[in-house]
Amino acid sequence: MQNIRLKVVAANWKMNVLPSLAIELMTQYDIDFNESQPQIVICAPFTHLCNLIEKVKYGFHFGAQNCSSEKMGAYTGEIAPEMLKDLNCTHVIIGHSEVRQRNSFENHQIPAKIRRALDSGLKVIYCCGEHLETRIANQESIYVENQLRDDLRQIAEADLENMLIAYEPIWAIGTGQHALPEQAQNMHAFIRKTMAEKFGKSAEQLSILYGGSVNASNVNQLSQMPDIDGVLVGGSSLKPIEFKSICSAFIQ
Ligand code: PGA
């Protein structure tokens, strides 16, 4: 069957890039936008989004790296999904392992964050993935299956068109040790099967991205795997030439 899923390359700048240098980095990406390019989503810090969305008119989509589970109100220091939507932000990352690790309440908040973001009209890049010990113990499938069950309990099949899943094994994030293409493919196929059992056949259209030490040298093999529909890129998204080649690997 022909793979008609949307190809997506998402950049996760994390807490990098000064606001005054963000436009310069975007310019250096030097992407030639045409219909064959994957969708490119730049997930920048909150402080950068307004300016980027206003000034970069062409081609890119913009996303945040987190959001509140609450509606606007008395939540000091938080950012409501409605605010992101109002800026014309299109995406938000939810459940990134760096957030889960630094905030012990994060795991409990993820279902409500996803629901609120979807209800606000944002597309959700939902992250899951196992620790190294879990992989060594061959428990990665059960671990990710439990994450999907717990984190996605407030969504229904109709929401899948606004969801993307990023499989990011924690041992591969920022370590230079990416998952082998076969390891990633096996997990992506497992995620798709689990999603189909839980939500129905719309899971076939779901874009599942791989994240964890993606670079220009390993992306081509990853992109050839049938269930890898794109990548979520941290460190390499800060290197314009590298990022451009990563995008090229998903040209259709
Ligand atoms: P990395 O990060 O590409 O630097 O490993 C990926 C991510 O955390 O999304």
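Just follow the structure's listing: the first ligand is 1, and inside any ligand the first atom is 1. Below, each value reflects all heavy atoms present in this structure, side chains not excepted, and no hydrogens, waters or symmetry copies.
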> Identify the two heavy atoms, one from Asp151 and one from Asn107, that lie closest to each other, and give their separation to 0.1 Å.
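Nearest heavy atoms, Asp151 then Asn107: OD1-O, 4.2 Å.
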> Indicate the ring-plane relationship of Tyr29 and Phe243, choosing parallel, tilted or perpendicular according to the 30° and 60° boundaries.
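Correct class here is tilted.
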> Give a yes or no on whether a salt bridge exists between Arg135 and Glu140, defined as a side-chain N under 4.0 angstrom from a carboxylate O.
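A salt bridge is present here (some side-chain N lies under 4.0 Å from a carboxylate O).
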> Tell me whether Glu204 is salt-bridged to Arg5, with the criterion being a basic N under 4.0 Å from an acidic carboxylate O.
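Judged by the 4.0 Å cut-off on N to carboxylate O distance, Glu204 and Arg5 do form a salt bridge.
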> Between ligand 1 and the protein, which N/O pairs are shorter than 3.5 Å?
from	atom 1	to	atom 2	distance (Å)
ligand 1	2 (O)	Lys14	NZ	3.2
ligand 1	3 (O)	Gly234	N	2.8
ligand 1	4 (O)	Gly235	N	2.8
ligand 1	5 (O)	Gly174	N	2.7
ligand 1	5 (O)	Ser213	N	2.7
ligand 1	8 (O)	Lys14	NZ	2.8
ligand 1	8 (O)	His96	NE2	2.7
ligand 1	9 (O)	Asn12	ND2	3.4
ligand 1	9 (O)	His96	NE2	3.3
ligand 1	9 (O)	Glu168	OE1	3.3
ligand 1	9 (O)	Glu168	OE2	2.6

> Give me the ring orientation class for His188 and Tyr210: parallel if the planes are under 30° apart, tilted from 30 to 60°, perpendicular past 60°.
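His188 vs Tyr210 ring planes: tilted.
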> In terms of the angle between their ring planes, are Trp13 and His48 parallel, tilted or perpendicular, with boundaries placed at 30° and 60°?
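Aromatic pair Trp13/His48 classed perpendicular.
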